Structure formats: C-alpha cells, structure tokens
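Everything numeric here is computed off the predicted structure, so don't read it as measured data. Chain letters run A, B, ... following the sequence lines, proteins first and then strands; every chain starts at 1.
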2 protein chains.
Amino acid sequence: MSKSNPQLNLDNQLCFKLYNASRQVTRLYQPLLKEVGLTYPQYIVLLILWEQDGQLVKEIGKRAGLNSNTLTPLLKRLEQHGIVSRNKTPDDERHTIIHLTKAGKELEQSCACIPAQMLEKSGLSMEQMQLLKSALDLLQ
Amino acid sequence: MSKSNPQLNLDNQLCFKLYNASRQVTRLYQPLLKEVGLTYPQYIVLLILWEQDGQLVKEIGKRAGLNSNTLTPLLKRLEQHGIVSRNKTPDDERHTIIHLTKAGKELEQSCACIPAQMLEKSGLSMEQMQLLKSALDLLQ
DNA sequence: TGTGATTTAATCGTGTGCGACCTAATTTAT
DNA sequence: ATAAATTAGGTCGCACACGATTAAATCACA
C-alpha cells in the first residue's frame, strides 16, 4: 500500500484521524439536529447562548473559536428562523448583542436528550469518552 | 457560568472539543501548505495519491471519506493547477481515474518535511501524539 | 436481447470556515 | 480638542462538506 516516504503515510497522520473523527461525529449529530432544524455549528452557538443568554458576537466568537465572518451569517440565519434576536447596544454602537427568543429558549428542552443519545450512538463507554476528551485537551 | 442543564454544558461536549481540535490543527497546517499552494483537504487527497498513483475517484473517496460532490470540484482545481490529470477509463466510461502529473509527483518532496514541522508546532511529545491517535481510533 | 436495476461521477443548493478587507464607533495620545 | 490607533461587526470571495438529484454507462436476467 504505502509507497516511499513513511513520514507521509496517511495512517500515520494525526491530522487525518482528527479531520475524519470530527466529520464523523458531526454526521452522527445530523439526524438528531435535523429534527429540531439546526445545523451542527448552529447547535454549538446555541449551547453557548443556553449557558448565558444575551452575549455579544465577540463573546460568542471567543467561546466558539469563530470570527464574525462565520458568525454573522450563521446568526442571521438563526434570526430568520426566529431563534435569536440581534440588536446594537446603546452604550457602544459597535456591539451587537444576541438574545434567545422564546422559541430559542424552548429549543433547549428539545435538545436536552441529544447528549445521551449521542453517547449511545458513539458506542463509547464513559471511560473511553473521558480518555478521548483528555487526549484532545493536549492540543489546547 | 453554566445555567440549567449540565448535560448541555459546552465543556462537557466531546463534539465541541473535537470540532475545535480539528480546526486548530488545520490552522497549524495552513502556513506550511500555503508555501506549496495547497489547501488542507487537497493535501489529504495528495497523501492518498502519493501512496498509490492512478486511483479512481471512488477509491480516493473511500480512503478520504469524501464523496464525489466534494472530490470532483477539489480534483478539478488540482487539475487546473497542473497537479493531477483526470481521465475516463476506456474499459468503463463511468470511472474517472486520477493520475499525478510530474509536478504532482515532485510536490511530494516539497511536503516531506511537513509532518516533522507539524509535530514540533503542535508541542506534543511522541507519546502524547500516540495517545491521541489511539484515542481517536476509538471512534472508528 | 431488451429492459430495469445498479454503479459512478457530476451537478446543484445550502451552510459553514476563514483570509482579506471595509466601515463605523470608540479610545488613546498628544 | 482632535488626529491616529484600536475595536467590533459586517461583507466578499474561495474552498470545502454534504444531502439530494441527475446522467450516463454497465450489469443482470427474464
């Protein structure tokens, strides 16, 4: 299978495993998220807002690791779907503050079962899950 | 910080760590790949072709975990850059076979140093790297 | 041998990611 | 007080991902 350079062997590449694992997990989420009409990054953003409602785009971005060039269109879609509101703050007109709407708050209950369902789908034990989490923390 | 449902706490979510780690690694690769004019998914596809030249779109797709709706445009861009050729096979006109060009083969040498540079950049020890790899294999 | 099922790529539409840039609001340094 | 620098969010362009569909070639088999 592998040819010349063992350094370049795909099976050796951490990057490839990580890239695949991430997409695979996203795919596992999709059928569950489809039921509530969310995409995976939208779900991440909502997790952040459910923790703390009324955050600035900047704060959400820092937590999610996303910049405004990704967040602005995403938040506009959530706004169009009636899940969040976007408003300038009066004290500093540069800020846009994001609030959950009633529908956005209610969505939290609909998503409450997702983590447990995902754990089951993944086929991981709690120990394996914990191992993977702490291994990933090595990269921070 | 976290409000009501501990199940939905972002820090508890494996998905989020994975999603972040994957993007972070991609970002680490970018300056290195930019020097040779490749994107990260293009690099993955080339790793596959350097292992074995002359593969069908389907075979590359299976190895990379990508379908033609992602691969076809990506391969067309590589073709435009003179890195691969795309041809129908005479025995079965449904197949498109991908070959490395001379430039595509030469690119392997230019990329040979990338894994070592990445290991250094990541700040991981060999042991940590190995731990993370095997943890990720749990998801297969 | 003809025809319906299957296989393989390609196409289309939507939604990210992200570099580069822009604009307006605010802060700072003089 | 005000010009320069900084900050926040937005826009644009490109390249993925991926579900859904299409088109063409091949296969299976009655």
Side-chain angles (χ1 to χ4, degrees), chain A residues 15-16 18-31 33-35 37-46 55-62 64-81 83-84 86-98, chain B residues 15-16 18-31 33-35 37-46 55-62 64-81 83-84 86-98:
Chain A
C15 73
F16 182 64
L18 205 49
Y19 164 79
N20 267 348
S22 175
R23 287 187 301 126
Q24 200 171 328
V25 167
T26 305
R27 275 196 293 274
L28 278 182
Y29 271 94
Q30 272 186 8
L33 291 175
K34 191 173 184 179
E35 288 180 34
L38 293 175
T39 67
Y40 183 75
Q42 287 168 5
Y43 173 68
I44 298 286
V45 167
L46 285 180
Q55 294 190 63
L56 304 180
V57 172
K58 175 191 161 152
E59 295 169 327
I60 298 173
K62 184 169 183 184
L66 292 169
N67 291 323
S68 64
N69 51 5
T70 298
L71 278 178
T72 297
L74 186 157
L75 289 167
K76 281 187 172 180
R77 276 176 217 115
L78 288 179
E79 185 185 34
Q80 280 164 18
H81 289 105
I83 294 171
V84 304
R86 300 164 64 249
N87 292 103
K88 294 285 180 195
T89 61
D91 61 307
D92 188 335
E93 294 275 341
R94 290 172 304 178
H95 293 305
T96 298
I97 190 160
I98 309 297
Chain B
C15 73
F16 182 65
L18 206 47
Y19 164 80
N20 267 348
S22 176
R23 287 185 301 123
Q24 199 172 328
V25 167
T26 305
R27 275 196 294 273
L28 278 183
Y29 270 94
Q30 271 186 10
L33 290 175
K34 191 172 184 180
E35 287 180 33
L38 294 175
T39 67
Y40 183 75
Q42 287 169 5
Y43 173 67
I44 298 284
V45 167
L46 286 179
Q55 294 190 64
L56 304 180
V57 172
K58 175 192 159 145
E59 295 170 327
I60 297 173
K62 184 169 184 184
L66 293 169
N67 292 321
S68 63
N69 51 5
T70 298
L71 279 178
T72 298
L74 187 156
L75 289 167
K76 280 185 174 178
R77 281 186 279 272
L78 288 180
E79 184 185 35
Q80 280 163 18
H81 289 103
I83 293 171
V84 305
R86 300 165 62 248
N87 292 103
K88 294 285 178 194
T89 60
D91 60 309
D92 189 335
E93 295 274 341
R94 291 171 305 181
H95 294 305
T96 299
I97 190 161
I98 310 297

Any side-chain heavy-atom pair of [X] and [Y] under 4.5 Å:
| X | Y | value |
| --- | --- | --- |
| B:Ile44 | A:Cys15 | yes |
| B:Arg23 | A:Leu66 | yes |
| A:Ile97 | A:Gln55 | no |
| A:Lys76 | A:Thr72 | yes |
| B:Glu59 | B:Lys62 | no |

Is [X] near enough to [N] that one of its side-chain N or O atoms lies under 4.0 angstrom from OP1 or OP2?
| X | N | value |
| --- | --- | --- |
| B:Thr96 | C:dA10 | yes |
| A:Lys62 | D:dG9 | no |
| B:Lys76 | C:dT11 | yes |
| B:Thr39 | D:dA15 | no |
| B:His95 | C:dT7 | no |
| B:Lys34 | D:dA15 | no |
| B:Thr72 | C:dA10 | yes |
| A:Tyr19 | D:dA17 | yes |
| B:Arg86 | C:dA10 | yes |

Of A:Tyr40, A:Tyr19, A:Tyr43, which meets ring-ring contact (aromatic ring centres under 6.0 Å, His included) against B:Tyr19?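 With B:Tyr19 as partner, A:Tyr40, A:Tyr19, A:Tyr43 yield a single ring-ring contact (aromatic ring centres under 6.0 Å, His included), made by A:Tyr40.
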Assign each of B:Glu59 and A:Pro41 to its nearest nucleotide of DNA chain C by heavy atoms, then name whichever residue's nucleotide is nearer the 5' end.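 Nearest-nucleotide comparison on DNA chain C picks B:Glu59.
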Please give, in whole Å, the distance from [N] [atom2] to [X] [atom1]?
| X | N | atom1 | atom2 | answer |
| --- | --- | --- | --- | --- |
| B:Leu28 | C:dC18 | CG | P | 12 Å |
| B:Asn67 | C:dA10 | CG | P | 13 Å |
| B:Leu66 | D:dA15 | CG | P | 16 Å |
| B:Asn20 | C:dT16 | CG | P | 16 Å |
| B:Asp91 | C:dT8 | CG | P | 12 Å |
| A:Leu78 | C:dG15 | CG | P | 11 Å |
| B:Lys88 | D:dA24 | NZ | C1' | 8 Å |
| B:Glu79 | C:dA9 | CD | C1' | 14 Å |

Go through the N and O atoms of the side chain of B:Asn69 and the base of D:dG19, and report whether any donor-acceptor pair is under 3.5 Å.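 It does, because a donor-acceptor pair links the side chain of B:Asn69 to the base of D:dG19 below 3.5 Å.
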Closest to the [X] side chain, choosing from [options]:
| X | options | value |
| --- | --- | --- |
| A:Gln30 | D:dA17, D:dG10, D:dC18 | D:dC18 |
| A:Glu93 | D:dT11, C:dA25, C:dC18 | C:dA25 |
| B:Ser68 | C:dA9, D:dG9, C:dT6 | C:dA9 |
| B:Lys58 | C:dT16, D:dA20, C:dA9 | C:dA9 |
| A:Asp92 | C:dT26, D:dA15, D:dA17 | C:dT26 |
| B:Gln42 | C:dC18, C:dA10, D:dC16 | D:dC16 |

May I ask you to decide if B:Ser22's main-chain N or O and B:Thr26's side chain share a donor-acceptor pair within less than 3.5 Å?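 Side chain of B:Thr26 to backbone of B:Ser22, a donor-acceptor pair under 3.5 Å: yes, one is there.
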What contact category does A:Leu71 fall into here, base, sugar-phosphate, or nothing, at under 4.0 angstrom with non-hydrogen atoms?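 A:Leu71: no heavy atom of the nucleic acid under 4.0 Å.
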For A:Arg77, report the nucleic acid contact type (base, sugar-phosphate, nothing); a contact means any heavy atom under 4.0 Å.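 Answer is base: heavy atoms of A:Arg77 come under 4.0 Å of a base.
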